[in-house]
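Only one structure is covered here, and it is reproduced in the block below.
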Amino acid sequence: MVRVGLAIFTAAVISGCTITEMKMAHDNPLDRIFDSGSFRYVLTAESSVNNATLTWGSVFYTDGNGKVTELSTSEIQINGVAQLQYTATAPSQTDINTVKNKGALAYPTPPYTLPNAGPGSFTTTSAGFKGYYILRLDYKYDGKTGTLYSNFVAVQ
């Protein structure tokens, strides 16, 4: 009797669950998390009346077998540009395509140059901080070079 009751309870719980599908491919750099090829570099921001603090973590790499590895700064190194980039206007379709194709964004002087490919943060010091931010990293990893971007972050 207990087994039958437990089976009925389990079936009721399972049938009451909602299955939610989550999109695994992040092909829009305006998404909260954006995959740049096999790499993931996530930028977040918190703002107040006077400034914004932007933070980012390590670069993560997904190999051909689907294994995800957090890369140390000795594994992935800067090989050219490593910047937090800024624009006051919303990214255009051209900007989005540039990010997808790992090209160079034509943004004005960056507010911050990254000292390494690891975690970091930057706090703006003026009231003119509102706009759109993205990390660009020209890297060297496992004998290969390339460019990767984080997601765009809007600070309003």
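Side chains included, hydrogens not; waters and symmetry mates left out as well; all remaining heavy atoms used. Sequential numbering from 1 along the given sequence is applied to the chain's residues.
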Please tabulate, one pair per line, all N/O donor-acceptor pairs under 3.5 Å involving side-chain atoms of residues 74-82, not counting sequence neighbours.
unit_1	atom_1	unit_2	atom_2	d
S74	OG	S72	OG	3.0
E75	OE1	S72	N	2.8
E75	OE1	S72	OG	3.4
Q77	NE2	S74	O	3.4

Query raised in the report: Listed by chain and number, what are the side-chain hydrogen bond (donor to acceptor under 3.5 Å, both in side chains) partners of N116, not counting sequence neighbours?
Result: none
Query - Test item: Y139 and L148 side chains (from C-beta on) under 4.5 Å apart, heavy atoms - result: yes
Query raised in the report: What is the minimum heavy-atom distance between Y149 and Q85, and which atoms define it?
Result: CE2-OE1, 4.0 Å
Requested in this report: Ignoring hydrogens and angles, tell me if any N or O in the side chain of D95 forms a donor-acceptor pair with the backbone of S92 under 3.5 Å.
Outcome: yes
**Report entry** With S47 via side-chain contact (heavy atoms from CB on, under 4.5 Å) - residues at least two apart
**Finding:** A52, F129, V155
Report task. For S58, check side-chain hydrogen bond (donor to acceptor under 3.5 Å, both in side chains) against everything at least two apart and list the hits. Result -> E70
Let me check something: any side-chain donor-acceptor pairs from residues 59-67 under 3.5 Å, sequence neighbours excluded? List them with distances.
unit_1	atom_1	unit_2	atom_2	d
D63	OD1	N65	N	2.9
D63	OD1	G66	N	3.1
D63	OD1	K67	N	2.9

Query - Partners meeting side-chain contact (heavy atoms from CB on, under 4.5 Å) with T53 (sequence neighbours left out) - result: T55, T123
Query - Separation of F39 CZ from S150 OG (nearest 0.5 Å) - result: 14.5 Å
Report summary line: With sequence neighbours left out, the residues meeting side-chain contact (heavy atoms from CB on, under 4.5 Å) with P110 are Q83
Query raised in the report: Can you name the residues that form a side-chain hydrogen bond (donor to acceptor under 3.5 Å, both in side chains) with T124, not counting sequence neighbours?
Result: none
Query raised in the report: Between L135 and L114, is a side chain to side chain contact (heavy atoms under 4.5 Å, CB included) present by the stated rule, with each step listed?
Result: CA-CA 9 Å; L135 293 170; L114 282 64; 4.0 Å; yes
Requested in this report: State, with a plain yes or no, whether a side-chain heavy atom of L43 is found less than 4.5 Å away from one of F152.
Outcome: no
Query raised in the report: Should L54 and L84 count as side-chain neighbours, where that means a heavy-atom distance under 4.5 Å?
Result: yes
Report task. Verify whether one side chain among T98 and N101 offers a donor that lies under 3.5 Å from an acceptor in the other. Result -> no
Query raised in the report: Going by heavy atoms in the side chains, are I134 and L105 under 4.5 Å from each other?
Result: yes
Query - Qualifying residues under side-chain contact (heavy atoms from CB on, under 4.5 Å), relative to A104, sequence neighbours excluded - result: R136
Requested in this report: Sequence neighbours left out, what passes ring pair (Phe, Tyr, Trp, His ring centres under 6.0 Å) with Y107? Give chain and number order.
Outcome: none
Requested in this report: Output yes when a side-chain donor or acceptor of W56 lies under 3.5 Å from a complementary backbone atom of G118, and no otherwise.
Outcome: yes
Report summary line: In this structure, CZ of R40 is separated from CG of N151 (nearest 0.5 Å) by 10.0 Å
Query raised in the report: Could you give all pairs that pass the ring pair (Phe, Tyr, Trp, His ring centres under 6.0 Å) test and reach residues 67-93, with sequence neighbours left out?
Result: Y86-Y133
